[in-house]
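In what follows, a single structure is set out as structure tokens and then discussed.
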2 protein chains.
Amino acid sequence: MNEQFTIGGLARKAGVNLQTVRYYERRGLLLPVGRKESGYRVYGLDALKRLKFIRRAKELGFTLEEIRGLLDLRIEPAQSKDACERVKEKTSIKLKTVEEKLKALTSVRKVLKSLLDACDRRSPTESCPILKAMEKEGVKEDEG
Amino acid sequence: MNEQFTIGGLARKAGVNLQTVRYYERRGLLLPVGRKESGYRVYGLDALKRLKFIRRAKELGFTLEEIRGLLDLRIEPAQSKDACERVKEKTSIKLKTVEEKLKALTSVRKVLKSLLDACDRRSPTESCPILKAMEKEGVKEDEG
DNA sequence: CTTGACCCTATACCATGGTATAGAGTGTAT
DNA sequence: ATACACTCTATACCATGGTATAGGGTCAAG
């Protein structure tokens with residue numbers, strides 16, 4: 001209960017480099033609950049969860065800045081309606097970009113599948129099938 | 001119309017930095033169709049498409065190496081059965097990574113949606129819903 | 001035949017996200 | 001009390017994906 005870690009223990013449990021933990025602290029992503037007399041950082045179980053979250057979110061293509069934003073999207077009981085609205089807005093924005101990525105990735109998947117098909121039929125493709133197919137997919141090409 | 005570009009024209013049309021075009025060439029992602037006497041690079045319309053594809057793929061979280069792999073997927077008429085099999089294999093691998101990304105992003109979308117939901121209901125949540133959701137390992141794609 | 005916009009190569013530099021190392025203190029088991 | 005694993009800060013270093021700059025050539029218009 002109320003398990004505590006030293007930085008090394010935390011890093012090991014989460015499977016990340018010890019330096020990375022300190023790096024995340026510098027970036028404002030992961031703070032120790034406190035320090036010992038000696039100056040040693042002390043972490044709780046929540047830190048472990050947070051650290052795991054950071055790694056997963058990173059794999060999903062969020063930057064550390066964005067992850068910090070996500071972690072800040074906490075709905076605390078004391079928060080005002082305004083705060084809730086701001087949180088909601090940030091979340092919506094993130095959701096929208098995620099949905100765009102999903103759409104584009106779905107197209108890519110479709111293309112790859114049809115390429116596999118072509119392989120099975122041994123029908124030669126154009127010089128760069130993925131490009132041709134993406135054109136037909138009508139995934140937006142530019143915008144900014 | 002067999003339109004041709006110089007490197008600057010291509011970069012402008014695609015909305016990328018000129019140096020970036022040369023960088024992609026160094027990385028083997030985008031070659032000019034040829035050179036003028038002067039040594040000037042010459043590009044065709046296909047290069048523009050390719051360049052746009054690269055940018056999009058990048059936004060989806062593919063590395064330049066991965067993108068090169070995607071662009072290299074093709075079946076040539078003269079290819080042997082073996083070669084075809086290799087293409088198929090490469091394509092399957094790409095497909096798998098795309099599907100992993102899709103899965104992970106779908107989880108994120110779910111989490112973000114539920115967060116928005118919680119916000120709508122304004123249920124004063126005790127702890128960060130995102131954290132909660134991610135703690136459950138539901139999003140994990142890794143360690144395999 | 002020079003000016004300006006463009007191109008060439010080569011190399012330096014930048015940001016992000018880490019990782020490693022140096023030099024010094026801590027904690028504890030023998 | 002000393003060895004060993006661990007921690008601290010600070011700083012250097014690495015890879016990726018670019019971006020900028022230096023020193024020079026090309027080319028069309030005037």
Please classify the nucleic acid contact of Lys58(B) as base, sugar-phosphate, or nothing, using heavy-atom distances under 4.0 Å. sugar-phosphate

Nucleic acid contacts - residues 6-21 of chain A versus DNA chain C, non-hydrogen atoms under 4.0 Å: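 Going residue by residue through residues 6-21 of chain A, the ones with a heavy atom under 4.0 Å of DNA chain C turn out to be Asn17(A), Gln19(A), Thr20(A).
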
Residues within residues 24-35 of chain B bordering DNA chain C, heavy-atom distance below 4.0 Å: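 Those residues whose heavy atoms fall under 4.0 Å from DNA chain C, taken from residues 24-35 of chain B in numerical order, are Arg35(B).
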
Give a yes/no on whether any side-chain N or O of Arg41(B) is located under 4.0 angstrom from OP1 or OP2 of dC8(C). yes

Less than 6.0 angstrom from the centroid, inside 45 degrees of the normal: does Lys101(B) satisfy that with respect to the ring of Phe62(B)? yes

Please list, chain by chain and in numerical order, all residues satisfying side-chain contact (heavy atoms from CB on, under 4.5 Å) with Arg68(B), sequence neighbours excluded. Leu29(B), Glu65(B), Asp72(B)

Qualifying residues under side-chain contact (heavy atoms from CB on, under 4.5 Å), relative to Phe5(B), sequence neighbours excluded: Glu3(B), Leu10(B), Lys13(B), Tyr43(B), Leu45(B), Leu48(B)

Share the residues that join Val42(A) in a hydrophobic cluster, the rule being Ile, Leu, Val, Met, Phe, Trp or Tyr side chains under 4.5 Å apart at the heavy-atom level.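 For the cluster that includes Val42(A), the remaining residues are Val33(A).
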
Can you get from Leu102(A) to Leu112(A) by hopping between Ile, Leu, Val, Met, Phe, Trp and Tyr side chains that sit under 4.5 Å apart? yes

Is any side-chain heavy atom of Ile7(B) less than 4.5 Å from a side-chain heavy atom of Tyr40(B)? no

For Val42(B) and for Ser38(A), find the nucleotide of DNA chain C with the closest heavy atom, then tell me which residue's nucleotide is more 5'. Val42(B)

Could you check whether atom CD of Gln19(A) has more than 12 heavy atoms from other residues, nucleotides or ligands sitting under 6.0 Å from it? yes

Name the first nucleotide and the last nucleotide along DNA chain D (5' to 3') that come under 4.0 Å of a heavy atom in chain B.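 Terminal contacting nucleotides, 5' to 3': dG17(D) to dC27(D).
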
Can you tell me the distance, in whole Å, between the OH atom of Tyr40(A) and the P atom of dT26(C)?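 Distance check: Tyr40(A) OH to dT26(C) P gives 8 Å.
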
